[in-house]
Amino acid sequence: MSNRMWGGRFAEGPDAIMEEINASIDFDRKLYKQDILGSKAHVRMLAKQGIVSSEDAEKIVEGLETILAEIEAGTFVFSRALEDIHMNIEARLAELIGPVAGRLHTARSRNDQVATDFRLWVRDTLDGLDEQLTELLKALATKAEAHAGDVMPGFTHLQTAQPVTFGHHLMAYVEMFARDRSRVRDARVRMNESPLGSAALAGTSFPIDREMTALALGFDRPAANSLDGVSDRDFVLEALADASICAMHLSRLAEEIVIWCSAQFNFIKLSDKFSTGSSIMPQKKNPDAAELVRAKTGRIYGALNALLVMMKGLPLAYSKDMQEDKEQAFDALPNLSLALAAMTGMIDDLEPNSDELMKAAGSGYSTATDLADWCVRVLNVPFRDAHHITGSLVGKAVEKNIELEQLTLEEMKSVESRITDDVYNVLSVSNSVKSRVSYGGTSPDNVREQAQRWLEKLEAEAL
Ligand code: ARG
């Protein structure tokens, strides 16, 4: 039997393989709510414009509401033969209210319908990510404020560089995730145009009111070009690009958590709630949640890449290729959401091992720069010379296998005779971080101020 929706010119039904490759109902059923919302907005507009009668529109709206309830109750029977969510709903509508159902598709095509549904889904998803990023920012800033003064080693090249504070380290991620959140917000603003009424590609001869449907669906305006309206997938690409950057940030933090909670580093305690044990090694406590957050990045980048490649060769306007957009987004974006939730939980629960951090901060000659700066300040030598003097002192300490502050004043003087006792003040890691008062620097006061600024900002936003 040929398809009831479009089979007028077909003598035969589709091959089983055709049905298999063509049907999207197994995944696009996820769009049922958006599809029904879009259809209700559309038919109300048709009634207002006198394109369908109010009685017919009323019947259609009621039928759509019944279908919504059926889907939510799990009693709706989805059919692959009906391809996708749009035709599954329309066919059921016909069963429920008879031939009047056929009026719903006036001045509309599945092309603008799916573009509208998917935009609504992506928009809701972006709003959800926005909220989750806000929660993560709060968790990070709260933890940073509590540990604004906990000294830890700062690294470059994963080699001890200079002491920083744990709070400062976490606040770096606040800046990153805040940019992610602003990217998500930007994307939402740009995507919020309604494709509905673009029809198949050329618009329609019916006197539709696109402003009305746009408004009803919470869009800022109708998309200005019908060809673009049905064939644009920038909105999902941009969401996936933003998701990819955010996943990259999550993955970096996850990687640090994995490193930090290893026995060799022992920088943090991860809560039992976000760790697992080993079935053979009883001593193990593994940071599986962090590892999985790190791993999710792969599928999120994959989705972005798949979609970019899928779109790049498509002539205007709609091509069926675009049906492949959904599974990618349906996989990537909820996985990002899961990763954000897991990261927020981990941050809430983790505790730095402050003593270990302090100990580690002092090893590896982390205050060598402070010593060089002291030479510049007190001895008034050019920084390059100070660097050289300090390098020689570090060399001496390495030779003796001791820390810088364990060198005697005599040993120091043998390298630079003008060095005085005062130098020992800058060799402590606490004094080192306290001295980093430049804007954005790691001094505990700075960090506390930044954390408080963020917490106040987040609180004010919530009002
Ligand atoms: N299931 C289709 C999709 O997801 C709906 C649009 C079909 N349009 C068409 N002209 N065949 O893209």
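Order of appearance sets the numbers: ligands from 1, and atoms from 1 within every ligand. Scope of the values below: all heavy atoms of this structure, side chains included, with no hydrogens, waters or symmetry mates. Residues take their numbers from the sequence shown, with the count starting at 1.
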Where at least one partner belongs to residues 264-281, residue pairs that pass salt bridge (Lys or Arg N to Asp or Glu O under 4.0 Å), sequence neighbours excluded: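 Found Asp272-Lys285, Lys273-Asp349.
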Any side-chain donor paired with an acceptor under 3.5 Å for Arg181 and Thr134?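 Thr134 and Arg181 do have a side-chain donor-acceptor pair below 3.5 Å.
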Trp121: partners by ring-ring contact (aromatic ring centres under 6.0 Å, His included), with sequence neighbours left out: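 Result, ring-ring contact (aromatic ring centres under 6.0 Å, His included) vs Trp121: Phe330.
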Let me see the working for Asn335 and Arg299 under side chain to side chain contact (heavy atoms under 4.5 Å, CB included), right down to the final yes or no. CA-CA 9 Å; Asn335 268 298; Arg299 64 209 289 170; 3.3 Å; yes
With sequence neighbours left out, write down each residue that passes salt bridge (Lys or Arg N to Asp or Glu O under 4.0 Å) with Asp56, or none if nothing qualifies.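 Partners of Asp56 under the salt bridge (Lys or Arg N to Asp or Glu O under 4.0 Å) test: Arg103.
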Is the Lys NZ or Arg CZ of Arg123 less than 6.0 Å from the centre of Phe219's six-membered ring, within 45° of the axis?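 Flagged: Arg123 positioned over aromatic ring of Phe219.
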Would you mind listing each N/O atom of ligand 1 next to any protein N/O under 3.5 Å, plus the distance?
from: ligand 1; atom 1: 1 (N); to: Ser24; atom 2: OG; distance (Å): 3.4
from: ligand 1; atom 1: 1 (N); to: Asp84; atom 2: OD2; distance (Å): 2.9
from: ligand 1; atom 1: 1 (N); to: Gln323; atom 2: OE1; distance (Å): 2.8
from: ligand 1; atom 1: 4 (O); to: Lys326; atom 2: NZ; distance (Å): 2.8
from: ligand 1; atom 1: 8 (N); to: Asn111; atom 2: OD1; distance (Å): 2.8
from: ligand 1; atom 1: 10 (N); to: Asn111; atom 2: OD1; distance (Å): 3.0
from: ligand 1; atom 1: 11 (N); to: Arg110; atom 2: NH2; distance (Å): 3.4
from: ligand 1; atom 1: 12 (O); to: Tyr318; atom 2: OH; distance (Å): 2.4

